[in-house]
K.L.:
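The structure is given below, and queries will be raised subsequently.
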Protein chains: 2
Amino acid sequence: MPTDRPVTLRAIAEELGVSAKTVSNAFSRPDQLSDRLREEVLATARRLGYPGPNPLAAGLRRGRVGAIGVAYDNGLSYAFDDPVAVELLAGASTVAEPAGAGLLLVPGSVDAHRREAAVTDAVVDGMVVSSLADDDPLVVAAVGRRLPLAVVDQPRPDRLAELGAPDTPWVGIDDRAAAAAVAGHVLALGHRRIAVVSFGLHREPIRRGLVDEAGQAAATYAVSRDRLAGYRDAAAGVGIDWAGVPVFHGEDSTPAVGAAGAAAVLATDPRPTALLCTSDRLAEGVLRTAARLGLRVPADLSVAGFDDAAPAAGLGLTTVRQPTRRKGEEAVRALLDRLAGQPGAGPRTLPTELVVRTSTGPPPVS
Amino acid sequence: MPTDRPVTLRAIAEELGVSAKTVSNAFSRPDQLSDRLREEVLATARRLGYPGPNPLAAGLRRGRVGAIGVAYDNGLSYAFDDPVAVELLAGASTVAEPAGAGLLLVPGSVDAHRREAAVTDAVVDGMVVSSLADDDPLVVAAVGRRLPLAVVDQPRPDRLAELGAPDTPWVGIDDRAAAAAVAGHVLALGHRRIAVVSFGLHREPIRRGLVDEAGQAAATYAVSRDRLAGYRDAAAGVGIDWAGVPVFHGEDSTPAVGAAGAAAVLATDPRPTALLCTSDRLAEGVLRTAARLGLRVPADLSVAGFDDAAPAAGLGLTTVRQPTRRKGEEAVRALLDRLAGQPGAGPRTLPTELVVRTSTGPPPVS
DNA sequence: CCTCCGTGCTTCATCGATGAAGAAGACGGG
DNA sequence: CCCGTCTTCTTCATCGATGAAGCACGGAGG
């Protein structure tokens, strides 16, 4: 029996009659001692069943642990089902991995208190936070930890400044302009009766369903707010009264919500001829409802998405391509730079591109 | 200016003239002190810009950090591109998340030394390792850390016992039987000239391409070895001489490898009428090559996959469904149980199911 | 009036390692 | 023969917190 309690550096040191520091060096700084002694130390370590230097203790002393936290708006389990989230993680990992940094996926939770605790307790050197609402306590907790941070999409830089973290690296796109671009395309095709299917506007859902202008303006998810504003900009450009445009918002970005949203907005009178969706996954559900109602796309109904994520190409979806993967890359890169001592990089806006496929066309002649 | 060096518990304690332990309690055990004092402590903490108790230090003292490591055979960046890996992670997260445990994705690396270091240095309470070759030093490193472990798929329980960790929880399927089932289906359709497209057999590729029986038996990836053995079992059942069956193995489980593999085995004479693939992603590439060569599936060529992962249904692929998500769930559950003090759960084999779709049919009459 | 107990806070040791600085020989140069 | 330098190892303090145990006080119970 080697031992009943954990074997530590000190145990090996005593066994061999050398200092603890020498044992430490045998593992972490081989050049600091003779090969002969080093071999002896390692052999003794093996014999005693020493698990190697405890990374936790080493991390405490060194001040870094080689891990980057990733906090996402929704739970982890949701994240892995959303191709956009997965792509973000993929991007993050391509930069983190060569740097030898692990990614700690911070558990989300319905329970607000535990959600915060998870961020507070994460053992990491820095954190990427993504897609959080302006009023999410998670943001406050993350900033409050005074940990190097990098933000993807939301909260916006101005909100970060408000929270006392003005130089936080931020990566995102111009959501308003991108949304205006896709709406502009649809309107240019001649559509005048449009509707919107959006994911959540607020963290705490007052009521899912159609939402009026006041509700839209009060959205605490900056991305949702800005995309709606972009649609509205485009509508204003051709003289459409926004008050008459049905806007549905559901809980999250899933086909199920999209399907429900489509049912809701297509029930309004006059029936819209084009639906703008704030994500491709929503659009996927919209297409499903359209099929169920016997509406041909795009002959009877045009549908546009957002993201150009996994299902879009296969579905022939007109959408806005955004560099999700690059967002993950840039966020981690900025974080690593900061950890290496460079100053905060500030906001960085990546380009987007309208992708026209077959889900949009001229409105039906009615 | 609050300070230039980090604010600690002690600083607050001194500022207020109380003990450090009391400040600690104000954060972690609110019931241990009066509300009045607690408020005072928190207010002072805010004033001094205290980031909250350092989770690293707390973790060292407590002996746990609330994170589970996940080590995967290939790099992280690869993992996020593979639907099977993502599903495994999704399963893992659905169990870890409610338990408040984060998932630390351990960085893989081409550099063997750093790969090991990443496992050694991961700050976690336990680790899930998935799909590692029998001779992967990562396994040795993981076992050597004497950290609670749970293994998915490979290495096999017998190999774990060899390494001195006999009671390690293990989750997987009966790869040999599952492979025999899908091969049996193809053979029952009447095919006699079959070929195999497989992902890697060895960690260190001697030579990609067609591999003979000796090479197959020497595979250090137990999953690959057993699936080949299963195909072979089925072939033996109908009197096929396995030495005549072309077996291609490529680096990893990607459509690109599948496409290359198909090209290789379809160039053999006589041309096979059915291709068995060890994953759906490989099969995806095989279908691409078939299309390029003008072969109709299944009229000219039958193709079978493995996994029943994301693309399979869409492609009409005949395959074997395996409960990837559940593997992730069970592995993490077993790990959490062990962390809670229960003894090792040992091996657990999950069921599989043959799924026949449209990519297999009778061989062409030649 | 004395004892017992709970509340609220403190003391002490400890979790397991590593950075900075220093000391003892060995060795080469002048 | 002395001195500076290198190698090899040691000493000391510290990273930042928390468990276990202890002390002081006030109120309840006998």
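Residue numbers begin at 1 in each chain, while the letters A, B, ... track the order of the sequences. Predicted, not measured: the structure shown is a model, and the values here were computed from it.
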K.L.:
What pairs of residues pass the ring pair (Phe, Tyr, Trp, His ring centres under 6.0 Å) test when at least one of them lies in residues 131-159 of chain B, not counting sequence neighbours?
P.N.:
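Listed by first then second residue: nothing to list.
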K.L.:
For A/Q32 and D/dC6, give me the distance from atom CD to atom C1', rounded to whole Å.
P.N.:
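That distance rounds to 12 Å.
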K.L.:
Figure out the CZ/C1' separation between B/R36 and C/dC9, and round it to whole Å.
P.N.:
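One finds 14 Å between C1' of C/dC9 and CZ of B/R36, rounded.
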K.L.:
Does B/W170 use its side chain to pair, donor to acceptor, with the backbone of B/P155 at less than 3.5 Å?
P.N.:
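Yes; at least one donor-acceptor contact below 3.5 Å.
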K.L.:
From CG of A/D31 over to P of D/dT8, roughly how many Å is that when rounded to an integer?
P.N.:
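It is 10 Å, rounded to the nearest whole Å.
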K.L.:
Does B/L9 have any side-chain contact (heavy atoms from CB on, under 4.5 Å) partners at least two apart in sequence or in another chain, and if so, which?
P.N.:
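Residues passing side-chain contact (heavy atoms from CB on, under 4.5 Å) with B/L9: B/V23, B/S24, B/Y50.
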K.L.:
Mind checking what makes side-chain hydrogen bond (donor to acceptor under 3.5 Å, both in side chains) contact with A/D134, not counting sequence neighbours?
P.N.:
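Expected list: A/R225.
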K.L.:
Output a table of donor-acceptor pairs, distance under 3.5 Å, between side-chain atoms of residues 55-64 of chain A and any protein atom two or more places apart or on a different chain; print 'none' if there are none.
P.N.:
none

K.L.:
Tabulate atom names and distances for all N/O pairs under 3.5 angstrom spanning the protein and nucleotides 22-24 of chain C.
P.N.:
none

K.L.:
For the helix from C/dC1-D/dG30 to C/dG30-D/dC1, how many degrees between its two end axes (five pairs per end), to the nearest 10°?
P.N.:
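For the helix from C/dC1-D/dG30 to C/dG30-D/dC1, the axes at opposite ends meet at about 40°.
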K.L.:
Under the side-chain contact (heavy atoms from CB on, under 4.5 Å) test, which residues partner B/P137, sequence neighbours left out?
P.N.:
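Per chain and number, B/P137 pairs via side-chain contact (heavy atoms from CB on, under 4.5 Å) with B/E116, B/R203.
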K.L.:
Side chains of residues 29-44 of chain B: which donor-acceptor partners sit under 3.5 Å, not counting sequence neighbours?
P.N.:
{"residue": "B/S34", "atom": "OG", "partner": "B/L37", "partner atom": "N", "Å": "3.3"}
{"residue": "B/R38", "atom": "NH1", "partner": "B/A26", "partner atom": "O", "Å": "2.4"}
{"residue": "B/T44", "atom": "OG1", "partner": "B/E40", "partner atom": "O", "Å": "2.8"}

K.L.:
What ring pair (Phe, Tyr, Trp, His ring centres under 6.0 Å) pairs are there with at least one residue in residues 86-124 of chain B, not counting sequence neighbours?
P.N.:
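Not a single pair qualifies under ring pair (Phe, Tyr, Trp, His ring centres under 6.0 Å).
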K.L.:
Restricting to pairs with a member in residues 140-169 of chain A, which pass salt bridge (Lys or Arg N to Asp or Glu O under 4.0 Å), not counting sequence neighbours?
P.N.:
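Every salt bridge (Lys or Arg N to Asp or Glu O under 4.0 Å) pair that includes a residue of residues 140-169 of chain A, provided the two are not neighbours, is A/D153-A/K327, A/R156-A/D175, A/R156-A/D226, A/R159-A/E162.
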K.L.:
Rounded to the nearest Å, what distance is computed from the CG atom of residue A/L16 to the P atom of nucleotide D/dC9?
P.N.:
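These atoms are roughly 11 Å apart.
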K.L.:
Within the 4.0 Å limit for protein heavy atoms, which parts of nucleotides 10-21 of chain C are touched? Write it as a string from 5' to 3', B for base, S for sugar-phosphate only, - for none.
P.N.:
BB-BBBBBBB--
K.L.:
Can you find a side chain N or O atom of B/S34 that sits less than 4.0 Å from OP1 or OP2 on C/dC9?
P.N.:
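Checking B/S34 against C/dC9: at least one side-chain N or O falls below 4.0 Å of OP1 or OP2.
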K.L.:
Give a yes or no on whether the backbone of B/A92 and the side-chain of B/E329 come within a donor-acceptor separation of less than 3.5 Å.
P.N.:
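No, the answer is negative, given that no donor and acceptor are paired below the 3.5 Å cut-off.
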K.L.:
Going by the rule salt bridge (Lys or Arg N to Asp or Glu O under 4.0 Å), which residues pair with B/R348 if we only count those two or more places apart in sequence or in a different chain?
P.N.:
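B/R348: salt bridge (Lys or Arg N to Asp or Glu O under 4.0 Å) contacts with B/E330.
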